[in-house]
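The structure under discussion appears below in the form of structure tokens.
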Amino acid sequence: MLHEILGQEGERGVIDFLSKIRAENRGAHVVVIEVSDQIDEAKQMQHGLARAYYNPYYLLHYFTNQKLETHEYWMSVFARSGFEVLARATTSAEVDSTGLELGYLLRA
């Protein structure tokens with residue numbers, strides 16, 4: 001959902017959204033799952049799952065005005081929104097060995 005807000009309202013919209021959640025739910029835990037924007041990583045995008053799923057997934061985002069970002073970007077947005085990142089993970093290699101899925105556990 002964050003990549004949809006980013007595409008429609010920009011970074012300020014994402015920070016405002018997250019900041020409101022934090023302000024209204026102090027101490028709460030939030031799970032964020034996003035896909036890392038690595039469409040320009042030729043080696044990564046030659047992976048079988050990337051060719052079968054992620055290439056069209058990335059393409060779709062150009063048409064829907066959703067904006068994918070990198071791990072570094074999300075870490076910066078979480079910090080500026082006042083969240084503490086407790087953990088970061090990706091899918092297990094048995095499920096998706098591309099490492100493109102990003103998962104975060106945040107504390108408000």
* Asked: Side chain of S36, backbone of L100: donor and acceptor closer than 3.5 Å?
  -> no

* To do: Check whether any side-chain N or O of T90 sits under 3.5 Å from a backbone N or O of E101 as a donor-acceptor pair, and report yes or no.
  => yes

* To do: For residues M1 and E34, report the shortest heavy-atom separation together with the two atoms involved.
  => N-OE2, 3.9 Å

* To do: Determine, using the 4.5 Å side-chain heavy-atom cutoff (strictly less than), whether Y54 and L2 are members of one ILVMFWY cluster.
  => no

* same_hphob_cluster(I21, V85) at 4.5 Å side-chain heavy-atom cutoff -> yes

Flag side-chain contact, heavy atom, 4.5 Å: [X] against [Y]:
X   : Y    : result
V35 : L102 : no
Q8  : N65  : no
H29 : L86  : yes
E9  : V14  : no
I15 : V77  : yes

* Sort and list the pairs that fulfil ring pair (Phe, Tyr, Trp, His ring centres under 6.0 Å) and have at least one residue in residues 73-92, not counting sequence neighbours. => F78-Y104

[atom1] of [X] to [atom2] of [Y]: how many Å apart, nearest 0.5 Å?
X   : Y   : atom1 : atom2 : value
E11 : L6  : CD    : CG    : 7.5 Å
N25 : K20 : CG    : NZ    : 10.5 Å
D37 : L68 : CG    : CG    : 5.5 Å

* **Basic-acidic side-chain contact under 4.0 Å: D16, R12** => yes

* Looking at residues at least two apart in the chain, or sitting in another chain, which of them share a salt bridge (charged side-chain N to carboxylate O under 4.0 Å, His left out) with E69? -> K67

